[in-house]
Amino acid sequence: MNLKRKYENNSCTHGILTIPAYGFKCLTLELGDGDSLTFKLDCRISEGNYMLVRGYAQNWPSFPVFKRRQQGFPKKPEFNLSVGNCINLPSGDIALGTEMLDNFSIRQSEKLATAFKEIFQDVFARREAVVLCVYKSMMFRHENVTYNQFQDKFYNFIKNDESA
């Protein structure tokens, strides 16, 4: 599995998750880059390779889970099929979706969730090793905007809209 990070702002990171052997591709949403503190809060996992194993998550018995809890995180990160915005995304989790709604959220899809679960049911039934490779795209882009700034701009736009 490959997770290529393509865009980030001060609150979150967007990327693309691919599983080449199955022709699977979807968008991802993670929290922003964390700092070097001992305890990681509201941040994404570091770039690198991660071993995934069969576990129970997202109400599915053959779901890919991280083999080890990452140092400093309160829990093991998960692939999240039910949260589409960075405000509700737990620290370290990777949300999966079909399209980018704005700089802070992605669209969830039941069809995508089902396909993801079925792939890993097959993978773990064949006892294949699963490694997640997390890296930045060569065209990686950072934008200096926070979720609160985005909400303020949106609120001011609605408040000042003359046509309403």
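Below, each value reflects all heavy atoms present in this structure, side chains not excepted, and no hydrogens, waters or symmetry copies. Quick caveat: nothing in here was measured; it's all calculated off a predicted structure.
- Within a 6.0 Å sphere centred on CZ of Arg69, other residues, nucleotides and ligands contribute more than 12 heavy atoms.
- Gly92 approaches Pro77 most closely through the heavy-atom pair O-CB, 3.1 Å.
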Show me the side-chain donor-acceptor pairs of residues 127-138 shorter than 3.5 Å, one per line, residues at least two apart or across chains.
unit_1: Glu128; atom_1: OE2; unit_2: Arg126; atom_2: NE; d: 3.4
unit_1: Glu128; atom_1: OE2; unit_2: Arg126; atom_2: NH1; d: 3.4
unit_1: Glu128; atom_1: OE2; unit_2: Arg126; atom_2: NH2; d: 3.4
unit_1: Ser137; atom_1: OG; unit_2: Met139; atom_2: N; d: 3.0

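- Using a 4.5 Å cut-off on side-chain heavy atoms (C-beta onward), Lys6 and His14 make no contact.
- If you take CD on Glu110 and OG1 on Thr114, they are separated by 4.5 Å, rounding to the nearest 0.5 Å.
- In plain terms, the two heavy atoms of Gly84 and Leu29 that are nearest each other are O-CD2, 3.5 Å.
- The distance from atom CD1 of Ile106 to atom CD of Glu30, rounded to the nearest 0.5 Å, is 10.0 Å.
- The CG atom of Leu3 lies 9.5 Å from the OG1 atom of Thr13; values are rounded to the nearest 0.5 Å.
- Ile45 places a side-chain heavy atom less than 4.5 Å from the side chain of Tyr50.
- Residues Leu31 and Ser11 have side chains not in contact (no heavy-atom distance under 4.5 Å, counting atoms from C-beta outward).
- Side chain to side chain, Asn144 and Asn9 fail the donor-acceptor criterion of an N or O pair below 3.5 Å.
- In this structure, the side chains of Phe104 and Asn85 stay at 4.5 Å or more apart for every pair of heavy atoms.
- Formation of a donor-acceptor pair under 3.5 Å by the Glu143 side chain with backbone atoms of Arg141 is not found in this model.
- A 4.5 Å side-chain heavy-atom check between Lys117 and Leu81 finds at least one atom pair inside the cut-off.
- Note: the hydrophobic cluster containing Phe124 also contains Tyr22 (ILVMFWY, side chain heavy atoms under 4.5 Å, direct or indirect links).
- Separating the CG atom in Leu17 from the CD1 atom in Ile19 is a distance of 5.5 Å, to the nearest 0.5 Å.
- Contact check for Ile94 versus Asn80: no side-chain heavy atoms found under the 4.5 Å cut-off.
- Of the possible polar contacts, one joining the Gln108 side chain to the Ser82 backbone as a donor-acceptor pair under 3.5 Å is found.
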Kindly determine whether Arg54 and Ser62 satisfy side-chain hydrogen bond (donor to acceptor under 3.5 Å, both in side chains), including the steps that lead there. CA-CA 5 Å; Arg54 180 181 181 181; Ser62 290; 3.1 Å; yes

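- Contacts classified as salt bridge (charged side-chain N to carboxylate O under 4.0 Å, His left out) and involving residues 7-22 (residues at least two apart or in different chains) are given here: Glu8-Arg44.
- Considering every non-hydrogen atom in both Val83 and Ala95, the closest pair reads O-CB, 3.2 Å.
- Of all heavy-atom pairs spanning Leu96 and Cys26, the tightest one is CD2-SG, 3.8 Å.
- Looking at Thr18, its side chain never comes within 3.5 Å of a backbone N or O of Lys25 through a donor-acceptor pair.
- Annotation: salt bridge (charged side-chain N to carboxylate O under 4.0 Å, His left out) contacts involving residues 73-98, sequence neighbours excluded, comprise Lys75-Asp93.
- A donor-acceptor contact shorter than 3.5 Å is absent between the side chain of Ser105 and the backbone of Leu101.
- Distance check: Ile16 CD1 to Arg5 CZ gives 13.5 Å after rounding to the nearest 0.5 Å.
- The two residues Met100 and Asp102 come nearest to each other via the heavy atoms CG-O, 3.3 Å.
- Between Phe120 and Met1, the closest side-chain pair of non-hydrogen atoms falls below 4.5 Å.
- The aromatic ring centres of Phe79 and Phe116 sit less than 6.0 Å apart.
- Looking at every heavy atom in both residues, Phe63 comes nearest to Trp60 through CB-O, 3.7 Å.
- Within the 4.5 Å cutoff, no side-chain heavy atoms of Met51 are placed close to those of Phe66.
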